[in-house]
Each structure stands twice: as C-alpha cells, then as structure tokens.
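Quick notes on the structure that follows.
Quick note: numbers below take in every heavy atom, side chains included, and nothing from hydrogens, waters or symmetry partners. It should be emphasised that the depicted structure is a prediction, and the values quoted were computed from it without experimental measurement. Every chain is numbered from 1, with letters handed out A, B, ... down the list of sequences.
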Number of protein chains: 2
Amino acid sequence: MDRSTDSTTNQPRTGLRERTRRAIQKEVTEAAERLFVERGYEATTIGHIAEAVGMSRRTLYRYFSTREDVVLGKLDVVTDEVLVALRARPAGEPVWVSLRHSFDGMIAHLDAAASSGLAVPMQRIILETPGLRARYLEKFERVEAMAELVVRERADAAGKPWAADDPTPRAVVAAALGCVLAAEHAWLAGGATESMALLVDRAMAAVGPRD
Amino acid sequence: MDRSTDSTTNQPRTGLRERTRRAIQKEVTEAAERLFVERGYEATTIGHIAEAVGMSRRTLYRYFSTREDVVLGKLDVVTDEVLVALRARPAGEPVWVSLRHSFDGMIAHLDAAASSGLAVPMQRIILETPGLRARYLEKFERVEAMAELVVRERADAAGKPWAADDPTPRAVVAAALGCVLAAEHAWLAGGATESMALLVDRAMAAVGPRD
DNA sequence: GCAGTGGGTGGCACAGTGTGTCAACCATGG
DNA sequence: CCATGGTTGACACACTGTGCCACCCACTGC
C-alpha cells in the first residue's frame with residue numbers, strides 16, 4: 001500500500017507513527033515555503049529543499065509525492081473538513097446555507113493565516129504559478145465531486161432525488177466553490193486585509209441557486 | 001520571442017507560416033490522441049508521439065511546450081472564442097444571458113464532436129487523468145479571469161462599477177463556468193448522448209446571480 | 001544480553017520531461 | 001549564384017519521480 005500519498009484517505013489515526021510523520025511534513029513544508037518565497041517556486045528544486053532540512057532527496061519523496069504536494073498537501077486536511085462539516089449540516093437546511101457553513105473552517109483558517117507572515121505570500125505564489133494554480137484548482141474540483149455526492153444523498157433522503165444525468169447539483173456546488181475562489185482572489189488583491197468571511201458572504205449573496 | 005506557446009496571444013494572422021504551423025499541430029494532436037486512447041495517457045511518452053509522426057522529440061517541443069499542451073492546446077482557440085463572443089454581446093443585456101450566449105460556440109463544438117469517434121474518449125481521458133484535469137481547469141480559470149474583466153468593463157460603461165475588492169463579478173463568472181463544467185460531467189456520464197446545449201441550459205437555469 | 005524483525009533512510013540507477021545550443025538544411029529573393 | 005532567415009535534428013544538460021537494495025536502529029521475545 002502506498003503510504004506516502006494517503007492524505008486524501010485521511011483517517012483520524014493519532015498513532016505515534018502518524019504524528020511524527022505529520023510533524024516532519026510540517027517542518028519540511030515550512031522550510032520549503034521560506035525558500036519558495038525568497039527564491040521563487042521554479043528556482044527551488046526538491047534538492048534544495050532536501051538540503052535545507054538535512055534529508056535526502058529520496059526520503060523527501062517518501063513524505064511528499066510531488067513538489068507541488070509540499071505546498072498543497074496540507075490542504076487535504078482543510079478540504080476534508082469541508083466535507084465532514086457539510087455532512088454534519090441538518091437535513092432540512094437549504095443547500096446554499098449548508099454549503100456556506102461548511103466553509104467556515106476553511107475560512108477561519110485563511111483569516112487566521114492572514115497575520116502570520118508566510119501564508120499570504122505563499123497563497124499568492126500558488127495563484128500566480130501556473131503549475132501550482134492548476135493543482136490547487138484540482139483540489140477544489142475533488143471537493144466539488146465529493147460535495148455533489150453529499151448533496152445528492154441529501155436530496156435522496158428528502159425524497160426529492162436528482163436524476164443521474166441532471167447537472168444541477170454539481171452546478172450548485174461548483175457555484176459555491178467558485179464564490180470561495182472569487183472571494184480569495186479579492187482577498188489577496190486587497191492585501192488580505194478584509195475578512196475572508198465577509199467576502200465569501202458577499203459573493204454567496206450575489207450568486208446562488210434559483211428557487 | 002517564444003513562438004511555441006503564443007496560442008494564448010492568439011492573433012488572427014492567416015499567413016502561410018501560421019497556417020502550416022496549425023496544420024502540423026493538428027496532425028500531431030490527432031496522432032497523439034490515437035495513442036493516448038489506445039495505450040493510455042501516462043504510458044505514451046513524447047518520444048512515442050514524435051516517432052509516430054516522424055519527427056524528432058526536439059522539434060515536437062517547438063510545436064507544443066508541454067505534453068499536456070498536445071491535448072489541450074487547441075482549447076485556446078475555443079476559449080478565445082468565448083471571450084470574443086462575450087465582448088460582442090449588447091451592453092444592456094443581463095450578464096447571465098450574455099454569458100450563456102458566449103458559450104454557444106464552445107457548446108456547438110462539443111456537440112459536434114460527440115459523433116466523431118475520438119473526441120469523446122479523449123475528453124473522458126482529460127477529466128480522468130489528474131495532470132490533464134488540472135491543466136484543463138486552469139484553462140477555465142484563465143477564461144474566468146478574462147471574463148471578469150469584461151464584465152467589470154461593462155458595469156463601468158453602464159455607470160454601475162464594482163468596487164475593486166468586490167468578489168461579485170468574479171463569482172458570477174465562476175458560477176457560469178461551473179455550470180458548463182457541471183454540464184460537461186453530466187454529458188460524459190450519460191455517454192455524450194444528450195445535447196450539451198440542453199444540459200448547460202438546465203444548469204444555468206438552476207443557478208445564477210440574485211437580482 | 002542477543003538474535004530477529006520491521007519501518008525508516010540514503011545511495012544508486014533509470015526513464016522521462018523540458019531547455020539551451022549548435023551545426024546542418026532549405027526556401028526565398030537579390 | 002550566394003546571402004539570409006526560418007526550420008530541423010542531434011547532443012548535452014538539469015530536474016522530477018520511481019524502483020531497488022543495503023543499511024541502521026528501535027523494539028521484541030527468547
């Protein structure tokens with residue numbers, strides 16, 4: 001079994017093994033972000049990162065399956081949170097409201113990161129570097145696919161199922177995630193001074209499902 | 001100047017030079033798609049493609065900057081069409097309607113491709129291969145950014161400009177593009193039998209800006 | 001204490017991507 | 001006829017990501 005990329009199959013194991021693993025990953029990520037911010041992403045090779053943390057290239061690849069993963073790997077935790085939160089919303093609640101609330105954790109995470117120095121420039125690098133941006137969007141797309149399933153299950157449970165070939169549930173989820181990304185762009189454009197929560201609220205008030 | 005990746009800076013030059021270039025690109029792309037469909041994307045190297053068209057690896061890289069670009073390069077033409085169409089919409093028209101119409105060309109393209117054998121399996125490969133999917137989403141994101149500008153210009157012209165840090169215009173555009181992607185998923189899931197136009201209509205009827 | 005066991009580590013080799021460079025080639029027009 | 005500018009192929013190169021193997025080290029049962 002592949003242990004190096006199971007962060008999506010994220011079980012809440014709190015064994016010693018997993019904890020030290022997370023700790024090392026975090027250390028590597030922080031060192032890498034420092035390098036990325038000061039030297040640029042393209043100019044920083046896996047070799048540089050490995051050297052910076054005193055680890056062989058080969059070993060580093062056991063913690064991160066890809067160079068992009070060094071930066072984006074930790075997002076899986078956040079996106080998993082979104083899905084858990086979505087599943088936890090009350091059954092009767094309107095989808096758009098449920099979606100908005102399921103973003104709370106992610107948003108809080110971003111708002112909290114606004115003060116600590118490295119997160120914002122790193123986020124900017126992600127959105128400005130083609131390769132990273134592409135992978136970043138892919139993470140969102142995966143959430144989109146999962147969230148669609150949750151939304152469909154909900155509609156099934158409510159006795160109002162969607163036809164399998166109906167694009168509606170996915171469109172709704174995609175619109176919600178589009179709002180988050182739109183908010184994030186606005187957030188970064190304004191120097192991360194405004195509150196993400198506010199920006200997402202504004203976006204999700206301007207767009208939504210038609211009832 | 002970099003000539004191999006200027007397909008985004010797409011001028012409507014119809015010189016001999018550009019035409020033969022396009023022709024060769026098309027030939028390579030078709031050969032590559034055959035290989036991708038029968039052998040799989042990951043298993044097909046640039047070397048294989050080069051050999052299949054009787055061309056050196058180095059030369060192939062002068063026509064496509066990336067292996068992904070061999071598949072996705074031709075999309076730039078389509079996405080440029082979307083932007084041109086959007087700019088051409090009448091000033092007074094509601095944004096959502098303008099966006100829907102600006103997709104017409106792209107949709108027709110997909111519906112037409114449904115019958116010719118290679119396009120649909122290729123599209124399926126794109127959405128199933130992580131690397132390709134990521135790049136595909138990035139293309140959409142680029143359209144999103146450009147379309148946002150157009151929408152903002154329009155609002156400016158109408159004397160109702162958006163604040164620079166307002167996520168609304170981008171959220172609207174993102175929602176529209178999300179509808180297209182949602183429709184595409186449904187389309188492929190149903191074996192490309194239904195009309196894309198219909199699916200997009202359904203998605204864009206279910207979601208939209210709140211007035 | 002001592003062998004055994006299993007996970008973590010580094011070294012090495014390898015296929016593949018994408019790029020710089022250079023010499024050869026080929027069409028065009030003076 | 002040759003000069004010129006664009007196209008091509010060959011080679012070399014740095015880098016990514018992976019398979020393989022020997023090694024080390026903590027922990028276990030004897």
Side-chain angles (χ1 to χ4, degrees), chain A residues 1-7 13 15-29 31-32 35-36 39-73 129-132 134-135 138, chain B residues 1-7 11 13-29 31-32 35-36 39-73 129-132 134-135 138:
Chain A
M1 180 163 62
D2 185 354
R3 306 284 300 222
S4 68
T5 54
D6 61 354
S7 40
R13 292 269 167 279
L16 175 65
R17 182 107 341 122
E18 293 300 324
R19 267 188 296 135
T20 55
R21 183 179 171 76
R22 300 280 175 203
I24 293 178
Q25 281 180 331
K26 184 175 178 180
E27 192 189 328
V28 174
T29 297
L35 291 176
F36 288 151
R39 292 193 201 180
Y41 179 73
E42 292 303 336
T44 307
T45 73
I46 291 280
H48 295 151
I49 302 170
E51 192 190 16
V53 293
M55 181 183 280
S56 81
R57 215 169 58 89
R58 190 63 187 89
T59 301
L60 202 152
Y61 271 115
R62 290 200 183 92
Y63 286 96
F64 300 96
S65 54
T66 299
R67 192 169 56 147
E68 285 114 7
D69 204 41
V70 178
V71 181
L72 301 178
T129 308
L132 281 177
R135 293 294 180 170
E138 206 201 343
Chain B
M1 178 163 62
D2 185 352
R3 305 284 300 226
S4 67
T5 53
D6 60 353
S7 40
Q11 295 156 325
R13 292 269 167 278
T14 325
L16 174 66
R17 182 107 337 123
E18 293 300 323
R19 266 186 296 136
T20 55
R21 183 178 172 77
R22 299 281 174 201
I24 293 178
Q25 280 179 331
K26 184 174 179 181
E27 192 190 327
V28 173
T29 297
L35 292 176
F36 288 150
R39 292 193 201 181
Y41 178 74
E42 292 303 336
T44 307
T45 73
I46 291 279
H48 295 152
I49 302 170
E51 193 190 15
V53 293
M55 181 183 281
S56 82
R57 217 168 55 90
R58 191 63 186 89
T59 301
L60 201 151
Y61 272 115
R62 290 199 181 91
Y63 286 95
F64 300 94
S65 54
T66 299
R67 191 167 55 136
E68 285 116 6
D69 204 42
V70 178
V71 180
L72 301 178
T129 308
L132 280 176
R135 292 295 181 171
E138 206 200 343

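The CD atom of B:E27 sits 7.0 Å away from atom CE of B:M55, with the distance rounded to the nearest 0.5 Å. Here the CD atom belonging to A:E18 is positioned 8.5 Å from the CD atom belonging to A:Q25, to the nearest 0.5 angstrom. Summarising the geometry, atom CG belonging to B:L132 is positioned 7.5 Å from atom CZ belonging to B:F36; distances are rounded to the nearest 0.5 Å.
Computed from coordinates, the B:R67 CZ to D:dT16 P distance equals 17 Å when rounded to whole Å. For the pair A:H48 NE2 and D:dT16 C1', the computed distance is 14 Å after rounding to whole Å. Between the CD1 atom of B:I49 and the P atom of C:dG18 there is a distance of 10 Å, rounded to whole Å. Between the C1' atom of D:dT18 and the CD atom of B:E42 lies a distance of 13 Å, rounded to the nearest Å. Distance, A:D69 CG to D:dG17 P: 10 Å, rounded to whole Å. At whole-Å resolution of the value, CD in B:E51 and P in C:dA15 are 16 Å apart. Following rounding to the nearest Å, A:Y61 (OH) and D:dC15 (P) show an atom-to-atom distance of 11 Å.
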Its contact letters, B for base, S for sugar-phosphate only and - for none at protein heavy atoms under 4.0 Å, make nucleotides 6-13 of chain C read -SSBBBB-
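The backbone N or O of A:T44 sits less than 3.5 Å from a side-chain atom of A:R67, completing a donor-acceptor pair.
Within the 4.5 Å cutoff, side-chain heavy atoms of B:Y41 are placed close to those of B:E68.
Remark: B:E138 engages A:R133, B:R135, B:R142 in a salt bridge (Lys or Arg N to Asp or Glu O under 4.0 Å) (not counting sequence neighbours).
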